[in-house]
Amino acid sequence: MSVDEIFDKLLSHESIFKNKKVLSHDYVPDELPHREGEIRKLAYILATALRGGKPSNVFMYGKTGTGKTAVARYVLKKLTERGEKIGLEFAYAYVNCRYRKTNYRVLVKICEELNCGNIPETGLPADVIFDRIIKHIDKKERLVIIILDELDWLVKSSGDDVLYQLTRINNELENAQVSLIGITNDLKFREYLDSRVLSSLSEESIVFSPYNAHQLYDILKQRADMAFKEGTVSDEALRLAAAIAAQEHGDARRAIDLLRVAGEIAEREGDTKLLEKHIIKAKDEVEKDLIEAIVRDLPLQEQLILLAIVMVKTKGNGRITTGLVKKTYENICAELGYRPVTLRRINDILSDLEMLGIISAQVTSLGRYGRTKVINLEAPLRSILKVFERDENFSHVLESFKINEH
DNA sequence: TGTCCACTGGAAGGGAGGGCTT
DNA sequence: AAGCCCTCCCTTCCAGTGGACA
């Protein structure tokens, strides 16, 4: 099909989308089905703010896609609206710590969100930024709510220094007040925190349980009605998407992704209705894209280690151990002319890959034969290989070691 | 029952990339 | 330009360890 034909085909059909934005990650709908309880709880906690008080800090737990972020954004939106009516000002800063794993970067993001002016990604001392934030916040009498999403990533990689500072920020403020909302999907996360931080941060806590298939269906139905033109989405497709997402830990975000991608596929194929087959295709595509993007963006050394794991898995029989990976990795480095990193570093890289969900690893004792990590590849081999095959160097290595999919 | 393997993972620090202030 | 401070990726050093085997 030529490019012109592709365009012609697309234009000859009317789009099935009415408002695609509704299916994007940062869209917050006017109603959040099946989260009424959580919304109410958070509203109670934050309501103090309307009387000029400082709401307690809140900790929200729950797996990904259980509506934590959405609930927070929703309640804050309402709070802001109500505040405006009665002449109270609220400001809030949303920081996703998954992408900002250092204390400094989190502070920079808070600055950005609160419009404290431009701050470079590196260079300034952390306490300077902190002072700047304090000064900026304290200019007016107001409540500032700082939302720290996926907090576990920050604490695991950089400790809880910033959290400690933030929990004590109110001591330094004269006019303004700060409340914190910490969001995490790691339920065991509390163990990593200093007890002072923990007690201050979890004055209140809200637990989010995963959605089941029925609830996911309701959510999808709501979004589909807004996103697609009437009658263009089959009910079976929605139920299938809900069932798939329910299997994957009740992740609503994944369910919505599925719906969006399925819509795009249907459109691409010139279909006028979104059907189950599109959802099935979308499932593969969403998974593939996710893994491929992660693997592609990995730093060089992490890619090399992953390549080694993949090779041990395809070639070898039985378990993948750190020692085995190290040997293979060193061979690859020799082949490509890179200087290999040390064992200690390999260990950290393995932990990184585990955090990303590409592998899982368990420290196992083999008795006489020592103690090692036993590694499992969690991501589909095909997706990883696809990325490597596209790279000239890596595909060369794959070939010279005679690795292929089968 | 103790030994000892093959690691694990904490601590400290370095150096290349950057940017700030003076 | 000097003197700090930041990040990221990495090194060196090292104490600690679960359990098969002698």
*Asks:* Would you please test A/Lys18 and A/Asp225 for salt bridge (charged side-chain N to carboxylate O under 4.0 Å, His left out) and show each step?
*Replies:* CA-CA 9 Å; A/Lys18 186 164 69 184; A/Asp225 286 347; over 6 Å; no
*Asks:* Is there a side-chain contact between A/Arg345 and the phosphate of C/dC10, meaning an N or O under 4.0 Å from OP1 or OP2?
*Replies:*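 The answer is yes; a side-chain N or O of A/Arg345 sits under 4.0 Å from OP1 or OP2.
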*Asks:* Got a donor-acceptor pair under 3.5 Å from the side chain of A/Arg371 to the base of B/dT8?
*Replies:*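 For A/Arg371, whose side chain was compared with the base of B/dT8, there is no donor-acceptor pair (under 3.5 Å).
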*Asks:* Would you kindly give the CZ-to-P distance between A/Arg368 and B/dA6, to the nearest whole Å?
*Replies:*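 Going from CZ in A/Arg368 over to P in B/dA6 covers 9 Å.
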*Asks:* Answer yes if the side chains of A/Lys373 and A/Asn347 hold a donor-acceptor pair under 3.5 Å, and no otherwise.
*Replies:*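 A/Lys373 vs A/Asn347: donor-acceptor pair found between side chains.
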*Asks:* If I take atom CG in residue A/Asp352 and atom P in nucleotide B/dG9, what distance separates them, rounded to the nearest angstrom?
*Replies:*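 Atom CG in A/Asp352 sits about 13 Å away from atom P in B/dG9.
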*Asks:* Please state how far atom CG in A/Asp131 lies from atom P in B/dC20, giving the value in whole angstrom units.
*Replies:*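 To the nearest whole Å, that distance equals 17 Å.
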*Asks:* Mapping A/Ser351 and A/Tyr369 to their closest nucleotides on DNA chain B, which lands nearer the 5' end?
*Replies:*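 Its nucleotide being nearer the 5' end, the pick is A/Tyr369.
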*Asks:* Check the interface with nucleotides 2-5 of chain C: list each N/O to N/O pair with the protein under 3.5 Å, or write none.
*Replies:*
{"unit_1": "C/dC5", "atom_1": "O2", "unit_2": "A/Gly123", "atom_2": "O", "d": "2.9"}

*Asks:* A/Lys373 has an atom NZ; how far is it from atom C1' of B/dT8, in whole Å?
*Replies:*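 Rounding to the nearest Å, NZ of A/Lys373 and C1' of B/dT8 are 7 Å apart.
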*Asks:* Please give, in whole Å, the distance from C/dC9 C1' to A/Arg339 CZ?
*Replies:*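 For the pair A/Arg339 CZ and C/dC9 C1', the rounded distance is 12 Å.
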*Asks:* Do A/Glu292 and A/Arg390 sit within salt-bridge range, that is, some charged N less than 4.0 Å from a carboxylate O?
*Replies:*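 Yes, charged N to carboxylate O under 4.0 Å.
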*Asks:* What is the distance from CG of A/Leu300 to C1' of B/dG17, rounded to the nearest Å?
*Replies:*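 Spelled out: CG on A/Leu300 to C1' on B/dG17 is 17 Å.
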*Asks:* A/Asn347 has an atom CG; how far is it from atom C1' of C/dC14, in whole Å?
*Replies:*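 Whole-Å distance recorded here is 14 Å.
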*Asks:* Do the side-chain N or O atoms of A/Thr322 get closer than 4.0 angstrom to the phosphate oxygens (OP1, OP2) of B/dC7?
*Replies:*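 Checking A/Thr322 against B/dC7: no side-chain N or O falls below 4.0 Å of OP1 or OP2.
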*Asks:* Under a 3.5 Å threshold, yes or no: a donor from one side chain and an acceptor from the other, between A/Asp257 and A/His25?
*Replies:*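 Yes, side-chain donor-acceptor contact under 3.5 Å.
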*Asks:* Out of B/dC7, C/dT11, C/dG18, which has the shortest distance to the side chain of A/Thr342?
*Replies:*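 The answer is C/dT11, which lies nearest to the side chain.
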*Asks:* Is A/Arg40 salt-bridged to A/Glu36, going by a charged N under 4.0 Å from an acidic O?
*Replies:*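 Judged by the 4.0 Å cut-off on N to carboxylate O distance, A/Arg40 and A/Glu36 do not form a salt bridge.
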*Asks:* Counting the benzene-type ring for Trp, do A/Phe17 and A/Phe228 have ring centres under 6.0 Å apart?
*Replies:*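 Under 6.0 Å, so yes.
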*Asks:* Looking at A/Tyr92 versus A/Tyr94, is the centre-to-centre ring distance below 6.0 Å?
*Replies:*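 No.
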*Asks:* Find out whether A/His249 and A/Thr64 are in side-chain contact, i.e. whether some heavy atom of one side chain is under 4.5 Å from a heavy atom of the other.
*Replies:*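 In short, these two side chains do not touch, never coming nearer than 4.5 Å.
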*Asks:* May I ask you to check whether A/Ser234 and A/Glu276 show a side-chain donor-acceptor distance below 3.5 Å?
*Replies:*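 Their side chains do not contain a donor-acceptor pair, so the 3.5 Å distance test is not met.
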*Asks:* Which parts of residues 104-112 of chain A get close to DNA chain C, meaning a heavy atom less than 4.0 angstrom away?
*Replies:*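 Close to the strand are A/Tyr104, A/Arg105.
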*Asks:* Report the distance from atom CG of A/Leu343 to atom C1' of B/dC5, rounded to the nearest whole Å.
*Replies:*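 Between C1' of B/dC5 and CG of A/Leu343: 14 Å.
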